[in-house]
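As a basis for the values below, the full set of heavy atoms in this structure was taken, side chains included, without hydrogen atoms, waters or symmetry mates. Note that ligands are numbered from 1 as they come in the structure, with each ligand's atoms numbered from 1 the same way.
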Amino acid sequence: EKVEITKEQRALIKAILDAYNRHQIPQDVTKKLLQEQYSAEENFLLLTEVATSQVQVLVEFTKNIPGFLSLDREDQIALLKGSAVEAMFLRSAQVLSKKMPSGYTEVLEERIRKSGMSEEFMTPMFNFYKSIGELHMTQDEQALLTTITILTPDRPYVKSHEAVERLQETMLDVLRKLCVLQHPQEPQYFARLLGRLTELRTLHHYHVEMLTSWKTNDHKFTPLLCEIWDVQ
Ligand SMILES: CC(C)c1onc(-c2c(Cl)cccc2Cl)c1COc1ccc2cc(-c3cccc(C(=O)O)c3)sc2c1
């Protein structure tokens, strides 16, 4: 059937894309990834600094998602805490899948591989990065997929499940139409995008163990990361 994006949905896409582009990690933070030192300690420190900046950017982006601020205040926090890791996998995936002419791809991969993380997480993590790279998502698809991840109703401690589900469904409907219109040769494209969300859940579980293994090797996180990831 003829797929049509309504005026309201166009406005929604514009609002989300503008917010996504407006809130980026400052250059002076990401530039540090290009400096010379490559010790495991230095890599971990730099990744911690970028991740902390990414969380701040994520909070600002989330506040601009239409409807988010009208959710229960505690639910807003629960959604941010529950989705931060997944949103950061998506963001770092844009960088690592050479989607951005940023020159960070090689250095970021090197720093992640040599940050004291145990080998067992490397394979699933870099498989994910590869699978994202193969999708050739447009900017608006990336922004919407991140939005949909944030608006996942079944995060721990979310009280008004239905309110979040309604918001997420609005975004899913827009993304579905965008996929049909922007990838007409790939009828399964939308389904493939949603499959990435499932992969993100698995990576989220791996990430909890990654944090524990870093903690046991006495790695320090920033107060913001400790708060959002419930690390003591
Ligand atoms: C605390 C730290 C050691 C950590 O623990 N787990 C993870 C993690 C790792 Cl490894 C992989 C995936 C997810 C997480 Cl959460 C991390 C590092 O997380 C991040 C998070 C975001 C970004 C954005 C980047 C980035 C670079 C250049 C340009 C841009 C850009 O947006 O322009 C972004 S790098 C980066 C690193």
Side-chain angles (χ1 to χ4, degrees), residues 17 19-35 38-62 80-133 137 139 142-143 146 149-150 196-197 199-232:
L17 188 58
Y20 191 75
N21 289 325
R22 204 169 44 248
H23 300 293
Q24 304 277 329
I25 300 179
Q27 279 263 351
D28 58 309
V29 174
T30 52
K31 260 191 170 13
K32 292 183 182 175
L33 290 167
L34 305 171
Q35 72 189 25
Y38 275 87
S39 70
E41 288 68 30
E42 185 59 27
N43 293 338
F44 180 83
L45 264 179
L46 287 173
L47 289 173
T48 300
E49 196 171 335
V50 182
T52 303
S53 177
Q54 180 72 58
V55 169
Q56 290 160 336
V57 164
L58 185 66
V59 169
E60 287 315 306
F61 166 67
T62 305
L80 270 167
K81 281 171 68 101
S83 66
V85 169
E86 294 174 27
M88 295 211 278
F89 265 104
L90 282 173
R91 188 69 209 173
S92 52
Q94 312 310 338
V95 181
L96 285 163
S97 56
K98 306 172 186 44
K99 280 287 142 290
M100 298 152 70
S102 60
Y104 290 104
T105 308
E106 290 71 27
V107 295
L108 182 58
E109 172 153 357
E110 174 76 10
R111 293 202 188 276
I112 290 178
R113 287 193 183 280
K114 303 224 171 57
S115 60
M117 178 194 311
S118 33
E119 282 304 309
E120 67 187 288
F121 306 126
M122 297 287 177
T123 312
M125 181 187 286
F126 283 94
N127 284 344
F128 174 75
Y129 287 140
K130 189 164 166 290
S131 67
I132 288 283
M137 271 192 277
Q139 268 271 346
Q142 286 167 34
T146 301
T149 305
I150 294 164
R196 300 284 77 80
L197 295 184
E199 210 174 337
L200 277 172
R201 296 281 192 124
T202 313
L203 288 164
H204 194 158
H205 294 300
Y206 276 122
H207 191 262
V208 174
E209 285 155 57
M210 262 162 72
L211 290 178
T212 317
S213 73
W214 271 322
K215 281 305 288 174
T216 41
N217 305 333
D218 196 29
H219 282 85
K220 290 261 173 303
F221 297 102
T222 57
L224 180 57
L225 292 177
C226 289
E227 192 188 330
I228 203 149
W229 289 340
D230 290 331
V231 173
Q232 71 291 338

TODO: Can you sort out which atoms of ligand 1 are near Leu225, meaning under 4.0 Å from one of its heavy atoms?
DONE: 1 (C)
Task: Contact with ligand 1 for Phe126, non-hydrogen, under 4.0 angstrom - done: no
Open item on the list: Can you tell me which portion of Leu33 lies within the under-4.0 Å heavy-atom range of ligand 1? Options are side chain, backbone, both, or neither.
Closed with: side chain
Side chains of residues 45-54: which donor-acceptor partners sit under 3.5 Å, not counting sequence neighbours?
{"unit_1": "Thr48", "atom_1": "OG1", "unit_2": "Phe44", "atom_2": "O", "d": "2.8"}
{"unit_1": "Glu49", "atom_1": "OE2", "unit_2": "Lys32", "atom_2": "NZ", "d": "2.4"}
{"unit_1": "Thr52", "atom_1": "OG1", "unit_2": "Thr48", "atom_2": "O", "d": "2.7"}
{"unit_1": "Thr52", "atom_1": "OG1", "unit_2": "Thr222", "atom_2": "OG1", "d": "2.8"}

TODO: If the plane angle is over 60° it's perpendicular, under 30° parallel, otherwise tilted; pick one for Phe89 and Tyr129.
DONE: tilted
Open item on the list: Using a 4.0 Å heavy-atom cut-off, which part of Leu203 comes near ligand 1: side chain, backbone, both, or neither?
Closed with: neither
TODO: Identify, by atom number and element, the atoms of ligand 1 in contact range of Ile25, meaning under 4.0 Å from any of its heavy atoms.
DONE: 23 (C), 33 (C)
Open item on the list: Yes or no: does Ser115 have any heavy atom under 4.0 Å from an atom of ligand 1?
Closed with: no
- [ ] For ligand 1, indicate whether the residue Phe128 contacts it via side chain, backbone, both or neither (heavy-atom separation under 4.0 Å).
- [x] neither
TODO: Show which atoms of ligand 1 fall inside a sub-4.0 Å distance from at least one heavy-atom site of Ser92.
DONE: 12 (C)
Task: Step-by-step side chain to side chain donor-acceptor pair (under 3.5 Å) determination, Arg196 to Ser131 - done: CA-CA 8 Å; Arg196 300 284 77 80; Ser131 67; 3.3 Å; yes
Task: Minimum side-chain heavy-atom gap Leu225-Val231 below 4.5 Å - done: no
Open item on the list: Less than 6.0 angstrom from the centroid, inside 45 degrees of the normal: does Arg111 satisfy that with respect to the ring of Tyr104?
Closed with: no
Open item on the list: At under 4.0 Å between heavy atoms, is it the side chain or the backbone of Thr48 that contacts ligand 1, or both, or neither?
Closed with: both
Task: Set of salt bridge (charged side-chain N to carboxylate O under 4.0 Å, His left out) partners for Glu209, sequence neighbours left out - done: none
Open item on the list: Within ligand 1, which atoms have a heavy atom of Tyr129 less than 4.0 Å away?
Closed with: 11 (C), 12 (C)
Open item on the list: Once you restrict to heavy atoms under 4.0 Å, what part of Leu108 touches ligand 1? Side chain, backbone, both or neither.
Closed with: side chain
- [ ] Mind checking whether Phe121 contacts ligand 1 via backbone (N, CA, C, O), side chain (CB onward), both or neither, at a 4.0 Å heavy-atom cut-off?
- [x] neither
- [ ] Mind checking the CG-CZ spacing from Asn21 to Phe61? Nearest 0.5 Å is all I need.
- [x] 9.5 Å
Task: Contact partition for Thr30 relative to ligand 1, non-hydrogen atoms under 4.0 Å - done: side chain
Task: Min heavy-atom dist His207 to ligand 1 below 4.0 Å - done: yes
Open item on the list: Are more than 12 heavy atoms, taken from residues, nucleotides or ligands other than Glu110, located less than 6.0 Å from that residue's CD atom?
Closed with: yes
Task: N or O contact, Gln54 vs ligand 1, cut-off under 3.5 Å - done: no
Task: Tyr104-ligand 1 polar pair, N/O distance under 3.5 Å - done: no
Open item on the list: For atom 31 (O) of ligand 1, tell me which residue out of Gln94, Gln24, Arg91 has the closest non-hydrogen atom.
Closed with: Arg91
Task: Close side-chain approach of Met88 to Val55, heavy-atom, < 4.5 Å - done: yes
TODO: Using a strict 4.0 Å cut-off to heavy atoms of Phe44, name the atoms of ligand 1 that fall inside it.
DONE: 3 (C)
Open item on the list: Surrounding CZ of Phe221 (heavy atoms of other residues, nucleotides or ligands, distance under 6.0 Å), is the total greater than 12?
Closed with: yes
- [ ] Measure the spacing between CE of Met210 and OG of Ser118 and express it to the nearest 0.5 Å.
- [x] 8.0 Å
